[in-house]
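Written out below as structure tokens is the structure these notes cover.
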Amino acid sequence: MKIAVIGTGYVGLVAGTCFAESGHEVTCIDVNPRKIQALKRGEVPIYEPGLEELVRRNMAAGRLHFTEELAGAVSPAQVVFIAVGTPEGETGRADLQYVLAAAEQVGRALKQYTVIVDKSTVPVGTADKVHEVIARHTRCEFDVVSNPEFLKEGAALEDFLKPDRVVIGTRSERARKLMAELYAPFVRTENPIIFMDPCSAELTKYAANAMLATRISFMNDMAALCEKVGADVEQVRKGMGADKRIGYSFLHSGIGYGGSCFPKDVKALTATARDMGLEFDLLRAVENTNARQKRCLLTKALKHFGDLSERTFAVWGLAFKPKTDDMREAPSVELIEGLLGKGARVQCHDPVAIESARRYFGDRVLYAPTSYAAAEGADALFLVTEWNEFRHPDLKRLKATMKSPTIFDGRNVIDPWSAREEGFTYFGIGRPSA
């Protein structure tokens with residue numbers, strides 16, 4: 001099958017590469033000539049484990065191509081995916097200008113029956129808008145399908161190649177058969193392709209992300225309560241998660257969620273509800289808790305040290321989560337800006353996100369080549385992202401490196417009692433201080 005993918009961002013590049021891996025001929029399109037030239041050289045602009053190898057392998061096999069020319073890629077395609085950005089607008093609503101601009105170009109390029117797939121995260125009613133735009137520019141038969149993505153950064157290839165479900169929104173039997181054929185190689189383990197109407201498919205993505213964000217914020221509220229009453233949120237989590245109706249996923253307390261999806265999607269869903277005359281008080285509370293949580297380590301440091309000026313602090317982890325270099329809405333940004341604003345010096349380390357961090361902080365912080373180099377001479381260590389290499393530090397070496405043995409653990413990955421035995425003052429999230 002010939003496939004065109006418009007947009008070579010995170011979603012488009014992963015989708016296009018995985019479809020090529022399953023044997024289809026895929027052309028990925030982007031308006032950025034520098035990005036296209038880099039991709040033609042096999043250089044992937046994002047960090048995702050295994051992606052660069054997969055891109056190069058499918059390029060070498062002649063199944064994966066990159067171009068700036070949309071019309072030439074769309075015209076022969078049986079399926080066209082629109083995977084462009086939907087940034088947050090001023091009111092929290094998703095900005096559809098790039099989606100609709102792509103739809104217009106697709107309409108002008110169609111030469112045969114084609115299924116156009118909204119792969120971008122879009123609000124309810126977008127499939128109808130895309131259909132309307134395309135119809136103004138073509139007489140060819142076509143269908144518009146909603147096919148939201150559920151990829152986790154750091155595990156995107158696994159999520160795409162072995163999805164727990166595929167959601168497809170369409171009212172067309174012709175489009176349904178084509179999409180079922182396209183996704184058949186990915187659901188051989190009997191995980192379902194769930195067909196529904198486009199509006200329901202569009203809403204499913206927002207509902208899923210909002211639910212996960214709600215679980216995170218609920219546990220962070222519980223962590224705040226644990227600190228007040230002397231309980232340990234990790235023990236509470238274990239007790240809760242053992243209930244099969246609840247489970248353990250997304251029950252870890254920390255310094256808040258970030259990334260390109262949860263913050264934007266919670267706002268967009270709230271805005272959609274407001275447009276329909278509904279007030280989602282629960283999701284507003286989720287946002288408020290998350291905003292508070294991103295400030296909690298700075299608040300703890302101010303309470304412990306008082307004046308932070310002229311102090312030096314180490315920050316381990318810059319990306320919003322492990323296995324990515326994505327710093328969009330990352331808790332590290334608010335923490336570091338807060339420390340700098342209080343007159344402190346910051347020495348930071350992240351396994352892959354250093355170059356991303358330079359775009360945020362420039363030369364205002366020190367970028368250390370290793371975690372222990374970042375901790376050298378530090379008054380305290382802030383652990384922000386739970387990379388595996390940070391989970392079991394050599395506490396003796398760390399203490400000898402630091403000026404003051406103090407840890408602010410924003411992800412509860414260091415055992416507080418082990419830290420205490422080594423002479424550290426330890427502050428976690430919802431855990432007894434040591």
Side-chain angles (χ1 to χ4, degrees), residues 1-7 11-29 58 63-65 67 70-84 99 102-122 125-135 137-151 159-202 204-205:
M1 194 179 299
K2 289 189 175 182
I3 299 170
V5 180
I6 304 173
V11 173
L13 187 56
V14 169
T17 304
C18 289
F19 282 129
E21 178 71 7
S22 66
H24 300 288
E25 184 176 345
V26 180
T27 302
C28 295
I29 308 143
N58 282 279
R63 293 188 298 264
L64 182 60
H65 316 276
T67 183
L70 183 144
V74 167
S75 295
Q78 295 161 274
V79 182
V80 176
F81 286 85
I82 298 177
V84 297
V99 171
E104 180 176 340
Q105 293 181 68
V106 168
R108 296 182 187 279
L110 291 186
K111 301 295 184 186
Q112 60 181 349
Y113 172 75
T114 309
V115 174
I116 294 92
V117 184
D118 285 336
K119 197 65 175 169
S120 304
T121 300
V122 293
T126 300
D128 291 337
K129 291 179 181 178
V130 168
H131 192 284
E132 180 183 343
V133 169
I134 294 173
H137 298 284
T138 187
R139 293 185 178 180
C140 292
E141 290 186 273
F142 69 93
D143 284 305
V144 176
V145 168
S146 177
N147 174 216
E149 54 84 16
F150 299 97
L151 306 179
D159 289 344
F160 199 101
L161 295 170
K162 299 177 182 178
D164 53 10
R165 84 286 201 198
V166 176
V167 172
I168 296 173
T170 181
R171 298 183 181 90
S172 164
E173 186 61 28
R174 189 176 183 183
R176 175 182 175 133
K177 289 180 179 178
L178 194 61
M179 295 299 290
E181 178 186 347
L182 181 63
Y183 275 104
F186 306 115
V187 292
R188 289 176 178 168
T189 56
E190 305 304 323
N191 287 341
I193 299 178
I194 305 173
F195 290 98
M196 58 184 71
D197 63 273
C199 285
S200 296
E202 290 163 342
T204 296
K205 172 60 184 290

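Because only heavy atoms are used, hydrogens play no part in the values below, and waters and symmetry mates are left out as well, while side chains stay in.
The backbone N or O of H65 sits nowhere less than 3.5 Å from a side-chain atom of T27 that would complete a donor-acceptor pair. Judged purely by atom type and a 3.5 angstrom limit, E202 uses its side chain to pair as donor or acceptor with the backbone of A127. Looking only at distances, no side-chain donor or acceptor of T138 sits under 3.5 Å from a matching main-chain atom of I134. Under the 3.5 Å distance criterion, the side-chain polar atoms of Q78 are matched with a main-chain donor or acceptor of K2. Remark: the backbone N or O of V167 is paired with a side-chain donor or acceptor of N147 at under 3.5 angstrom. Side chain of K119 to main chain of G12: no donor-acceptor pair is present (N/O by atom type, distance under 3.5 Å, no hydrogens or angles). Between the side chain of Q112 and the main chain of P76, a donor-acceptor pair closer than 3.5 Å is present.
Note that CG of L13 is 9.0 Å distant from SG of C18, once rounded to the nearest 0.5 Å. One finds the CG atom of L64 at 10.0 Å from the CD atom of E25 (value rounded to the nearest 0.5 Å). Interatomic distance, R63 CZ to N58 CG, rounded to the nearest 0.5 Å: 4.5 Å. In this structure, F81 CZ and D118 CG are separated by 10.5 Å, a value rounded to the nearest 0.5 Å. Atom OH of Y183 sits about 14.0 Å away from atom CG of N191, to the nearest 0.5 Å.
Side-chain contact check for S75 and K111: no donor-acceptor pair (N or O, by modelled atom type) lies under 3.5 Å.
Side chains of M1 and L178 form a contact here, defined as non-hydrogen atoms less than 4.5 Å apart. Residues P163 and F150 form no side-chain contact, since every pair of their non-hydrogen atoms from C-beta on lies 4.5 Å or further apart.
Applying the side chain to side chain donor-acceptor pair (under 3.5 Å) test to every pair with at least one member in residues 167-177, sequence neighbours left out, gives these pairs: D143-S172.
Between R188 and A184, the shortest heavy-atom contact is CG-O, 3.7 Å. Across all their heavy atoms, A109 and A71 have their closest contact at CB-CA, 3.8 Å. In plain terms, the two heavy atoms of V99 and T126 that are nearest each other are CG1-CG2, 4.3 Å. The two atoms that bring I29 and A73 nearest to each other are CD1-CB, 3.6 Å, heavy atoms only. In terms of heavy-atom proximity, A201 sits nearest to S146 at CB-OG, 3.7 Å. Residue S200 comes nearest to D197 through the heavy atom pair OG-OD1, 2.7 Å, listed as atom of the first residue, atom of the second, then distance.
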Checklist line | I3 and L182: CA distance, side-chain angles, deciding distance, side-chain contact (heavy atoms from CB on, under 4.5 Å) verdict | finding: CA-CA 10 Å; I3 299 170; L182 181 63; 3.5 Å; yes
Next item on the list: Just do the side-chain contact (heavy atoms from CB on, under 4.5 Å) check on V11 and S120 with the steps written out, would you?
Entry: CA-CA 8 Å; V11 173; S120 304; over 6 Å; no
Item checked: Audit row: D159, V14, side-chain contact (heavy atoms from CB on, under 4.5 Å) steps and yes/no -> CA-CA 10 Å; D159 289 344; V14 169; over 6 Å; no
Note to self: Using the rule given for side-chain contact (heavy atoms from CB on, under 4.5 Å), can you reason through V117 versus M179, listing the C-alpha separation, both sets of side-chain angles and the distance that settles it, and then say yes or no?
What the structure shows: CA-CA 9 Å; V117 184; M179 295 299 290; 3.9 Å; yes
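Between F142 and H131, the two ring planes are tilted [angle within 30° to 60°]. The aromatic rings of F19 and H24 lie perpendicular to each other, with more than 60° between the two planes, well past the 30° mark.
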